[in-house]
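A short write-up of the structure that comes next.
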Amino acid sequence: VYKRQAIGVTKHDLEGRLVTLEFERFYLVACYVPNAGQKLDRLGYRTDEWDPEFRAYLCKLRDKKHVVLCGDLNVSHKEIDIFDTKGKEKQAGYTPQERAQFTKLLEEGFVDSFRQLHPDKKQFSYWTARANARKENKGWRLDYFVVDKQGMSLVVDSRINDAVHGSDHCPIELVMRP
């Protein structure tokens, strides 16, 4: 198994945000995407630098074999991916800029596996520790399995295991054909 912990851009690589593993049929990229910050002080870095350069990295991998991206991508892409959108467009994870960058990734030939397989399911993977958010299911879907379009033929299911507690995030799961 080949392992890499960089995308080849020093500024991003110094933050240690990803691990890429190469398997026989696909690359698995586990990533913690930069958060734009409570005051959105890193929004420009996130959307103008990280997102385009990370997308280019994923496209380069996809030119060789299938790509499975997983992790906390720090964006709730659609309205269905957040418990209440009111007032959230100025919060990290739901800004128009972050959502637009995720759309660009999908336009490059990648698929949000959970949303593709469960288009109407409102289920979350993250809840703030404040205000009983988990108990009241006031969450955000920030954790994803994103797969290249052709690689989706290998996918059986994409799940959010929200019954598992122990963190402000819950595990997600991708089931693939052998």
Side-chain angles (χ1 to χ4, degrees), residues 7 9 11-12 15 17-18 28-62 67-131 133-134 136-152 155 158-162 167-174:
I7 67 170
V9 179
K11 181 177 187 173
H12 309 317
E15 293 195 19
R17 296 193 163 273
L18 70 98
L28 176 64
V29 180
C31 185
Y32 176 41
V33 169
N35 188 298
Q38 282 188 327
K39 296 180 181 180
L40 302 180
D41 52 326
R42 294 195 77 194
L43 182 62
Y45 166 70
R46 157 76 189 270
T47 59
D48 298 336
E49 298 177 53
W50 168 269
D51 284 334
E53 291 168 352
F54 183 53
R55 189 169 56 249
Y57 172 73
L58 294 173
C59 288
K60 187 184 285 188
L61 291 177
R62 187 199 51 213
V67 173
V68 175
L69 164 64
C70 67
D72 179 351
L73 303 189
N74 266 316
V75 64
S76 285
H77 186 231
K78 301 283 185 185
E79 286 185 20
I80 194 172
D81 297 323
I82 189 170
F83 76 96
D84 179 14
T85 60
K86 185 178 180 184
K88 302 292 189 298
E89 289 192 343
K90 294 181 181 177
Q91 286 188 18
Y94 198 69
T95 65
Q97 299 94 318
E98 291 164 306
R99 295 168 63 212
Q101 287 296 329
F102 191 81
T103 296
K104 286 182 181 180
L105 176 64
L106 301 181
E107 290 171 349
E108 286 282 347
F110 291 90
V111 177
D112 172 354
S113 64
F114 180 82
R115 189 56 56 221
Q116 176 79 20
L117 297 169
H118 308 282
D120 301 317
K121 192 168 190 176
K122 192 165 191 167
Q123 193 173 9
F124 310 120
S125 63
Y126 164 81
W127 303 262
T128 181
R130 296 179 226 125
R134 183 114 187 218
E136 296 176 17
N137 200 29
K138 293 181 177 179
W140 301 50
R141 187 169 72 96
L142 298 177
D143 304 275
Y144 294 78
F145 277 103
V146 174
V147 181
D148 68 281
K149 279 184 185 175
Q150 291 73 28
M152 279 299 292
V155 175
S158 185
R159 302 174 184 149
I160 298 173
N161 298 313
D162 56 6
S167 170
D168 54 352
H169 291 259
C170 70
I172 58 173
E173 175 182 359
L174 188 70

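Residue Leu43 holds its CG atom at 4.5 Å from OG1 of Thr95, rounded to the nearest 0.5 Å. Rounding to the nearest 0.5 Å gives a distance of 5.0 Å between CG of Leu174 and OG of Ser113. Here the CZ-SG distance, from Arg159 to Cys170, works out to 13.5 Å after rounding to the nearest 0.5 Å. Atom CG of residue Asp162 and atom CD of residue Gln123 lie 4.0 Å apart, to the nearest 0.5 angstrom. Here CG of Asn35 is found 12.0 Å from CG of Leu73. Values are rounded to the nearest 0.5 Å. Annotation: the span from Asp112 atom CG to Phe102 atom CZ amounts to 4.5 Å, rounded to 0.5 Å.
With hydrogens and angles disregarded, a donor-acceptor distance shorter than 3.5 Å links the side chain of Ser76 to the backbone of Arg141. Judged by distance alone, with hydrogens and angles left aside, the side-chain atoms of Arg115 form a donor-acceptor pair with the main-chain N or O of Lys121 at under 3.5 Å.
With salt bridges taken as basic N to acidic carboxylate O contacts below 4.0 Å, one links Arg42 and Glu15. Taking 4.0 Å as the cut-off between side-chain N and carboxylate O, Asp81 and Arg99 do not count as a salt-bridged pair.
With contacts defined as side-chain heavy-atom distances shorter than 4.5 Å, the pair Val29/Leu61 qualifies. In this structure, the side chains of Tyr126 and Asp72 stay at 4.5 Å or more apart for every pair of heavy atoms. Residues Arg46 and Asn74 have side chains in contact (heavy-atom distance under 4.5 Å, counting atoms from C-beta outward). Here the side chains of Arg17 and Trp50 are in contact, with some heavy-atom distance below 4.5 Å. Counting heavy atoms from C-beta on, the side chains of Lys104 and Asp51 never come closer than 4.5 Å. By the 4.5 Å heavy-atom criterion applied to side chains, Phe124 and Asn137 are counted as neighbours.
In this structure, the side chain to side chain donor-acceptor pair (under 3.5 Å) partners of Asn161, at least two apart in sequence or on a different chain, are Glu173. Residues that satisfy the side-chain contact (heavy atoms from CB on, under 4.5 Å) test with Lys138, not counting sequence neighbours, are Phe83, Ala133, Glu136.
Using bins of under 30°, 30° to 60° and over 60° for the plane-to-plane angle, the ring pair Trp140/Tyr94 lands in the perpendicular bin.
Between Pro52 and Asp48, the closest heavy-atom pair is CG-O, 3.6 Å. Across Phe110 and Arg62, no two heavy atoms sit closer than the pair CE1-NH1, 3.3 Å. Residue His12 comes nearest to Tyr45 through the heavy atom pair ND1-OH, 2.7 Å, listed as atom of the first residue, atom of the second, then distance.
The side-chain hydrogen bond (donor to acceptor under 3.5 Å, both in side chains) pairs that include a residue from residues 142-151 are His66-Asp148, Ser125-Asp143, Asp143-His169, where partners are two or more places apart or lie in different chains.
Remark: the Arg55 side chain and the Gln101 side chain contain an N/O donor-acceptor pair separated by less than 3.5 Å. Checking Ser158 against His118 by side-chain atom types alone, no donor-acceptor pair falls below 3.5 Å.
For Lys88, the NZ atom counts as densely surrounded, since its 6.0 Å shell holds more than 12 non-hydrogen atoms of other residues, nucleotides or ligands.
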